[in-house]
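Report on the structure given below.
No hydrogens, no waters, no symmetry mates; every other heavy atom, side chains included, goes into these values. For clarity, every value in this text was computed on a predicted model and none was experimentally measured.
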Protein chains: 2
Amino acid sequence: MDCPQLKLENQLCFPLYAASKEITRRYAPYLEPLDLTYTQYIVMLVLWEEKKCNVSELGKKLFLDSGTLTPLLKKLEAKGYIQRTREQSDERCLSVSLTAEGESLKRKAASVPKSMASCVNLSEPEAKTLYTLLYKVLEGFTAE
Amino acid sequence: MDCPQLKLENQLCFPLYAASKEITRRYAPYLEPLDLTYTQYIVMLVLWEEKKCNVSELGKKLFLDSGTLTPLLKKLEAKGYIQRTREQSDERCLSVSLTAEGESLKRKAASVPKSMASCVNLSEPEAKTLYTLLYKVLEGFTAE
DNA sequence: TAAAATTGAATTGTATACAATTAAAATGAA
DNA sequence: TTCATTTTAATTGTATACAATTCAATTTTA
């Protein structure tokens with residue numbers, strides 16, 4: 001059995017998987033001064049934009065479920081970056097919002113994207129193409 | 001603070017992270033009949049090509065370390081797909097090779113790539129471009 | 001309106017991931 | 001040749017991920 005389609009080099013999934021992991025790993029040194037992991041960082045990105053968000057909204061935006069988010073949000077709360085409160089109007093919903101400390105952390109994070117961009121060896125147009133193709137893959141999925 | 005560079009939509013890392021996770025997740029139904037997870041599957045891809053490989057070689061090819069591979073390889077051994085033996089010439093090295101059952105699993109796996117490709121909503125040239133850009137990112141990293 | 005269905009988080013269980021450390025084996029230098 | 005160094009896996013500890021289940025709150029329906 002030759003099966004060229006089973007060769008690692010013929011998979012599209014693999015460089016996607018490997019590149020994603022490598023990028024996440026290389027974020028760590030830049031995120032460590034903020035006391036954030038990569039996943040915690042993208043949650044903070046949403047909150048810096050939205051100010052307030054419940055768990056299911058976070059999950060939809062970030063492709064994460066409550067099994068991942070619940071413990072992660074408890075950690076962010078323990079660090080003092082966010083508050084978790086039940087919504088008055090619907091006690092099922094957990095509302096997540098920034099503390100003053102969480103808000104001020106945004107200033108320290110401002111330099112992270114530039115530092116990371118310099119790690120990725122792509123030209124601006126290449127990066128844009130990659131971005132577009134990745135979103136096309138994602139949207140092709142959500143279409144189901 | 002406006003900080004456009006901190007918006008989720010301006011990150012290249014995020015669609016990479018999300019698309020990778022989604023693809024991995026969508027492999028599961030196709031891999032379940034093989035009793036393989038995604039990571040176990042890519043280990044098998046290497047072994048179907050190489051026949052024999054030690055842990056550090058696997059790690060280099062797949063961007064995984066021994067902390068991930070050691071327990072994963074023990075599971076593949078427990079399933080009866082691989083053998084783990086110390087090399088005669090250097091007892092530090094653990095040689096991983098296919099059993100007859102692991103080898104014959106290749107036949108059942110042959111249809112997986114085509115099934116997955118149909119999940120990804122890209123034209124052939126788009127997929128090729130994506131592939132090339134992802135490897136460029138990966139190679140830019142290994143250059144350090 | 002009371003029961004059924006749905007929704008939103010939390011919990012449980014399994015499987016990665018990776019940093020840091022450990023331990024054994026092999027190599028190299030004095 | 002002996003001891004320090006290096007190499008290779010394994011182990012430990014922390015942090016995701018996600019499927020499946022549970023549980024409480026809300027909504028829908030008969």
For [N], does OP1 or OP2 lie under 4.0 Å from any side-chain N or O of [X]?
X	N	answer
B:Arg84	D:dA10	yes
A:Lys21	D:dT16	no
A:Arg86	C:dA10	yes
B:Ser56	D:dA9	yes
B:Asn54	D:dA9	yes
B:Tyr17	D:dA17	yes
A:Lys75	D:dT16	yes

Can you check the [X] [atom1] to [N] [atom2] distance for me, whole Å?
X	N	atom1	atom2	value
B:Glu91	C:dA23	CD	C1'	14 Å
A:Ile82	C:dA9	CD1	C1'	14 Å
B:Ile42	C:dT16	CD1	P	10 Å
B:Leu73	C:dA17	CG	P	13 Å
A:Phe63	D:dA19	CZ	C1'	18 Å
A:Lys74	C:dA9	NZ	P	13 Å
B:Glu87	C:dA26	CD	P	11 Å
A:Asp90	D:dT27	CG	C1'	10 Å

Where the side chain of [X] is defined as all heavy atoms beyond and including C-beta, which of [options] is the nearest nucleotide?
X	options	result
B:Thr39	C:dA15, D:dA17, C:dA17	C:dA17
A:Asp65	C:dA9, C:dC18, D:dC18	D:dC18
A:Leu94	C:dA17, C:dA10, D:dT7	C:dA10
A:Arg92	D:dA25, C:dA24, D:dT16	D:dA25

Please say whether more than 12 non-hydrogen atoms of neighbouring residues, nucleotides or ligands are located less than 6.0 Å from [atom1] in [X].
X	atom1	value
A:Lys7	NZ	no
B:Lys61	NZ	no
A:Lys128	NZ	no

Please work out which of the three classes, parallel, tilted or perpendicular, describes the rings of B:Trp48 and B:Tyr41, given edges at 30° and 60°.
perpendicular
Evaluate the ring planes of A:Tyr27 and A:Tyr38, with Trp represented by its six-membered ring, and classify them as parallel (under 30°), tilted (30 to 60°) or perpendicular (over 60°).
tilted
Pick the nucleotide of DNA chain D nearest each of A:Leu64 and A:Lys79; which residue has the one closer to the 5' end?
A:Lys79
Name the nucleic acid region contacted by [X], choosing base, sugar-phosphate or nothing; use a 4.0 angstrom heavy-atom cut-off, strictly under.
X	result
A:Ser89	sugar-phosphate
A:Thr37	sugar-phosphate
A:Leu72	sugar-phosphate

Examine the base of D:dA9 for any acceptor or donor lying under 3.5 Å from a partner atom in the side chain of B:Thr70, and report the outcome as yes or no.
no
Can you find an N or O donor on one side and an acceptor on the other, under 3.5 Å apart, linking the side chain of A:Ser66 with the base of C:dA10?
yes
So OG of B:Ser97 and NZ of B:Lys52: to nearest 0.5 Å the spacing works out to 5.5 Å
